[in-house]
Amino acid sequence: MAHDPLPVSEVPVVPPRILLGPGPSDANPRVLQAMSGPMIGYLDPDFVKVMEEVSELLSRVFNTEESLTMVLSGTGSAGMEAGLSSLLEPGDTVILCVCGFFGRRMADMAERVGANVVLLQSEWGRPFPPEMLEAELKKHDMVKMVATVHAETSTGVLQPLEEISRLTKEHGALLMVDAVTSLGGTEVRVDDIGIDYCYSATQKCLAAPPGLSPVAMSPRAIEVVASRNTKPSSWYLDLALIANYWGGDHVYHHTAPVSNIVGLREGLRVILEEGMGPRIARHNRNSAALRAGLEALGLQLVVSPEHRLDQITPVWIPEGIDDQAVRASLLRDHHIEIGRGLGDFAGKVWRIGLMGDSSKSEYVLALLSALESILPSAGYEVAVGSGVGAASKSLAEL
Ligand SMILES: Cc1ncc(COP(=O)(O)O)c(C=O)c1O
């Protein structure tokens with residue numbers, strides 16, 4: 001079929017959005033500007049300097065002096081799959097501490113690797129209880145790895161890692177942690193906690209576009225990967241080969257997405273200029289204001305205060321309200337994206353993200369004001385101004 005030539009004036013433009021979903025979040029303007037620079041070769045000495053700087057900046061954000069920090073070409077799921085396929089061999093036992101959607105994805109991947117997968121599932125909306133892991137470890141002589149999710153984006157829960165790490169170390173197993181939603185918005189302490197393999201993604205709290213997965217690998221994980229009996233099933237996500245490109249000799253593996261990596265360097269600089277302390281405080285202040293506003297509208301939050309993640313706030317959809325219609329109106333009439341529920345929470349919750357550059361007080365107020373206008377027409381009465389008022393008060397107090 002012959003297509004008509006596309007007039008230049010009709011080249012589609014992506015409409016501006018207020019991104020308050022589970023990611024992607026706003027990319028920082030400095031990141032986007034850095035990415036629009038000229039193309040450069042992936043082994044150009046100047047690009048190698050960029051890689052070295054990215055690795056150094058990542059080690060600060062991951063709080064590690066011991067681990068090799070590098071970037072995988074692919075989204076957060078690439079980081080997850082690289083860890084499972086490079087650290088596990090067929091027949092190895094892995095225990096997954098799961099209380100949400102992304103933990104289940106780990107199980108699917110680990111099964112494909114041929115591992116003996118022990119899936120420990122606990123209640124959604126609460127952290128995973130370490131006692132469950134303790135009881136399971138007692139049943140095994142040899143567990144190769146324990147894995148969990150630090151910030152479960154599907155439930156809005158922050159998982160404490162200390163006890164899980166202690167039990168894992170006592171057993172001599174490796175610890176893998178998903179920090180896709182935590183890195184850059186919550187402290188991720190790779191060395192202190194003793195995480196052997198930690199992966200994240202650029203599109204949430206790192207204020208860069210999707211497409212990269214920053215990872216940290218402990219010396220022990222590097223040794224495990226280097227001394228495998230079998231080659232990992234994935235060549236592209238083989239952490240040993242990728243470490244050869246990022247580490248010492250920069251041996252060619254694949255064509256690195258240079259513009260994204262240059263953008264990530266800028267994003268990491270932005271983070272460290274702000275400082276992790278003030279950045280975490282900003283996430284905290286804005287999510288507190290959002291919660292105050294939602295509660296003033298009479299909406300119920302899913303997670304109890306002590307387990308809440310500042311990056312994402314799930315809220316129960318009131319009885320009889322059309323989930324999709326409210327989200328569609330937010331997007332169409334107010335240009336605001338919020339997230340739908342996943343897995344066990346599908347159709348039951350809205351998930352409101354305030355991550356990285358999207359964690360802004362003006363976005364909180366814009367969303368609450370939009371909800372105040374949409375919810376009454378959807379059949380849920382609210383006192384107009386109550387949500388915005390409560391959020392403004394919270395912001396003023398903090
Ligand atoms: C906690 C968590 N892990 C893993 C992923 C998968 O990351 P990606 O969609 O970047 O592949 C996500 C995505 O939202 C996530 O929130």
Side-chain angles (χ1 to χ4, degrees), residues 19-27 62 71-85 96-110 112 119 121-122 124-128 147-161 164 175-186 188 195 197-216 234 236-237 257 260-261 263-264 267 283 287 302-303 307-314 337-346 349-356 358-359:
L19 293 174
L20 301 182
S25 301
D26 276 0
F62 274 117
V71 176
L72 311 186
S73 309
T75 61
S77 305
M80 187 188 285
E81 198 148 21
L84 294 165
S85 61
L96 304 175
C97 305
V98 173
C99 52
F101 182 85
F102 291 101
R104 286 188 193 163
R105 182 174 293 183
M106 285 184 185
D108 191 1
M109 289 180 180
R112 289 163 195 244
L119 180 60
Q121 300 226 42
S122 68
W124 281 46
R126 300 181 60 76
F128 179 86
T148 196
V149 177
H150 189 205
E152 229 328 326
T153 328
S154 61
T155 62
V157 169
L158 180 65
Q159 176 67 49
L161 296 172
I164 290 181
L175 178 63
M176 169 169 130
V177 172
D178 176 315
V180 166
T181 292
S182 48
L183 194 72
T186 297
V188 175
I195 304 173
Y197 178 71
C198 191
Y199 61 90
S200 187
T202 41
Q203 75 272 21
K204 301 202 185 219
C205 296
L206 298 180
L212 297 178
S213 176
V215 305
S234 170
Y236 195 69
L237 296 175
N260 288 59
I261 293 172
L264 175 60
H283 280 79
S287 66
V302 172
V303 183
H307 305 311
R308 283 176 188 159
L309 198 55
D310 290 328
Q311 286 87 330
I312 193 137
T313 300
E337 177 186 273
I338 63 166
R340 65 196 167 89
L342 282 179
D344 292 5
F345 284 170
V349 304
W350 290 313
R351 291 179 303 144
I352 303 165
L354 291 171
M355 303 181 189
S358 283
S359 176

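Side chains are part of it too, since the values below use all heavy atoms of this structure and drop only hydrogens, waters and symmetry mates. Numbering of ligands and ligand atoms starts at 1, following listing order.
- With no hydrogens or angles considered, no side-chain donor-acceptor pair links S85 and S234 at under 3.5 Å.
- Distance CG/L342 to CZ/R104: 10.5 Å, rounded to 0.5 Å.
- There is a side-chain donor-acceptor pair under 3.5 Å between T186 and Q311.
- Taking E81 as the reference, nothing meets the side-chain hydrogen bond (donor to acceptor under 3.5 Å, both in side chains) condition, with sequence neighbours excluded.
- Counting heavy atoms from C-beta on, the side chains of L72 and L212 never come closer than 4.5 Å.
- Considering only heavy atoms from C-beta on, N260 stays 4.5 Å or farther from T202 through its side chain.
- Protein residues are said to neighbour a ligand when one of their heavy atoms lies under 4.0 Å from it; for ligand 1 these are T75, G76, S77, M80, F102, R105, V149, A151, T153, D178, V180, T181, Q203, K204.
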